[in-house]
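Below is one structure, written out as structure tokens; the observations come after it.
Note that these values count all heavy atoms, side chains included, but never hydrogens, waters or copies made by symmetry. Treat the numbers as computed from the prediction; the structure is a model and nothing was measured. Residue numbers run from 1 in the order of the sequence given.
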Amino acid sequence: MRLNKSRIAPLADSELDPEMKETLAKNFNGRPVFNIFRTLARAPKAYKSFMRWGGYILSDHNSIAPREREIIILRTGYNWKSGYEWAQHVRIGKECGLTDLEIQHIKDGPLAPSWTPLESAMIRAVDELTTDAFISDQTWGELAELSEKQRMDLVMTVGQYTQVSMMLNSFGVQLDDDLELDTDLAK
């Protein structure tokens, strides 16, 4: 975690206006509302737009399969040192079939032994996008097994989770009570 306290505090239930209470109730259907969303609720119009775009990235409209999408999201969050993002998506990644070893190998990078050539290329693409905002010709070629839309969705997924990581890190969004900070991101 970059900060040990919030710069922008998440809204408590008592601070939510009626419209936002209704919106959160619809979006979370009785489940706990995570700190990221309680924080974004301070900017209601941005929250609504963010949820639409984020909804695309996490939906079946994104042509990257859920397991591979989580590899991309986790590597993006790890590269940006986003403890919150990492903790949330470790849980989601496991639900999508990632093993503990694969999650460790996401941190190790594209040369870790778990990866197929395509998965390695996807992780390399994330690394290139999070350092240079550009996928090299070599890596683009290694992604040839993906369709044009899948390559577009890969870039858009990294872009979305780069933005999310920037917000989480800069706003100081703290872990929800049911999450644990990865020791590699406690630095």
Could you tell me which residues satisfy side chain to side chain donor-acceptor pair (under 3.5 Å) with [X], sequence neighbours excluded, listed by chain and number?
X: Asp100; answer: Lys94
X: Arg151; answer: none
X: Ser165; answer: none

Rounded to the nearest 0.5 Å, how far apart are [atom1] of [X] and [atom2] of [Y]?
X: Asp132; Y: Asp127; atom1: CG; atom2: CG; value: 12.0 Å
X: Glu128; Y: Ser136; atom1: CD; atom2: OG; value: 3.5 Å
X: Tyr47; Y: Thr39; atom1: OH; atom2: OG1; value: 11.5 Å
X: Thr162; Y: Met167; atom1: OG1; atom2: CE; value: 11.0 Å
X: Ile71; Y: Thr76; atom1: CD1; atom2: OG1; value: 11.5 Å
X: Arg67; Y: Glu95; atom1: CZ; atom2: CD; value: 15.0 Å

Got a sec, which hydrophobics cluster with [X], joining ILVMFWY side chains under 4.5 Å apart, including via others?
X: Leu111; result: none
X: Leu129; result: Ile64, Ile72, Leu118, Met122, Val126, Ile135, Trp140, Leu143, Leu146, Leu154, Val155, Val158
X: Trp80; result: none
X: Phe134; result: none

Residues that [X] engages under side chain to side chain contact (heavy atoms under 4.5 Å, CB included), provided they are two or more places apart:
X: Asp176; result: Phe34, Asn35, Tyr84, Gln88, Asp178, Leu179
X: Ser120; result: Pro110, Trp115, Arg124
X: Lys48; result: Glu19, Thr23, Arg52
X: Glu15; result: Leu11, Ala12, Arg42

Pairwise side-chain contact, [X] with [Y], heavy-atom cut-off 4.5 Å (strictly under):
X: Leu101; Y: Ser114; value: yes
X: Pro113; Y: His105; value: yes
X: Val33; Y: Asp13; value: no
X: Phe171; Y: Arg2; value: no
X: Leu58; Y: Glu70; value: yes
X: Leu98; Y: Ile106; value: yes

No-hydrogen, no-angle side-chain donor-acceptor test under 3.5 Å, Tyr56 and Asp153: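 A pair is found: one side chain offers a donor N or O, the other an acceptor, under 3.5 Å apart.
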Kindly work out whether a path of hydrophobic side-chain contacts (I/L/V/M/F/W/Y, heavy atoms less than 4.5 Å apart) joins [X] to [Y].
X: Leu181; Y: Val173; answer: yes
X: Met51; Y: Leu16; answer: yes
X: Met166; Y: Leu168; answer: no
X: Ile8; Y: Val164; answer: yes
X: Leu24; Y: Trp53; answer: yes

Option among Asn62, Ile57, Ile73 that satisfies the side chain to side chain contact (heavy atoms under 4.5 Å, CB included) test with Gln160: Ile57
Among Thr130, Leu185, Ile103, the one residue meeting side chain to side chain contact (heavy atoms under 4.5 Å, CB included) with Tyr78: Leu185
Partners passing ring pair (Phe, Tyr, Trp, His ring centres under 6.0 Å) against Phe28 (at least two apart in sequence or in another chain):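 If we apply the ring pair (Phe, Tyr, Trp, His ring centres under 6.0 Å) test to Phe28, skipping adjacent residues, the hits are Phe37.
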